[in-house]
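All heavy atoms count here, side chains included; hydrogens, waters and symmetry mates do not. Remember, it's 1-based here, ligands and their atoms both numbered in the order they're listed.
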Amino acid sequence: MAIRNIRTMGDDILTKHCKEVKEMTPKTRNLIEDMLDTMYLAGGVGLAAPQVGILKRIAVVDVGDGPIVMVNPEIVETAGEQSGMEGCLSLPGKHALVTRPNYVKIRAFDRNMEPFEAEGEELLARAILHEYDHLEGIMYVDIMEGELEDVPEEEE
Ligand code: NI
């Protein structure tokens, strides 16, 4: 298990567009495992490769139903709307109101570069779309409504 350093807002790498993964290599497989370990240790529900300093189109999500590894994800469909407080491991202790689709369907490749489709609603949709944005260099602060707020300590 290897924990990677999570880049925080202000780090330029978080504003960059990530590059497609062409093939699965032992190094990339290792990165995915480290991203999962890092996300779980930090208590997050998602993590994208640029957050650990790697400009590749890889993100992991786990809202409590098991990990989803997304390599080169594409948004196939979105529907509905949800508004809620959203946070990010790159902005510890903060959250803000963000409106997103309530449903998302994606197409991606798994850690063996096998294609798959997944869909999610509510928190899972929010997490998938948040991580997808990271691959485009977008942080939730770019699309939030209102101001950043401190997360009450008991919720951290
Ligand atoms: Ni984030």
**Prompt:** Is a side-chain N or O of E136 found less than 3.5 angstrom from the main chain of D133, in a donor-acceptor match?
**Reply:** no
**Request:** May I ask you to list the protein N, O or S atoms found at less than 2.8 Å from the Ni ion (ligand 1)?
**Result:** C88 SG, H130 NE2, H134 NE2
**Request:** Carefully, step by step, assess R57 and E20 under the rule salt bridge (charged side-chain N to carboxylate O under 4.0 Å, His left out).
**Result:** CA-CA 5 Å; R57 301 188 77 79; E20 205 159 291; 5.6 Å; no
**Item:** By side chain to side chain donor-acceptor pair (under 3.5 Å) - contacts of E131 (at least two apart)
**Value:** none
**Request:** Using the test side chain to side chain donor-acceptor pair (under 3.5 Å), find all partners of E145 that sit at least two apart in sequence or belong to another chain.
**Result:** T99
**Message:** Could you see if Y132 belongs to whatever hydrophobic cluster contains V21? Use Ile, Leu, Val, Met, Phe, Trp, Tyr and a side-chain cutoff under 4.5 Å.
**Reply:** no
**Fill in**
Residues passing the side chain to side chain donor-acceptor pair (under 3.5 Å) test with N112, sequence neighbours excluded, are R29
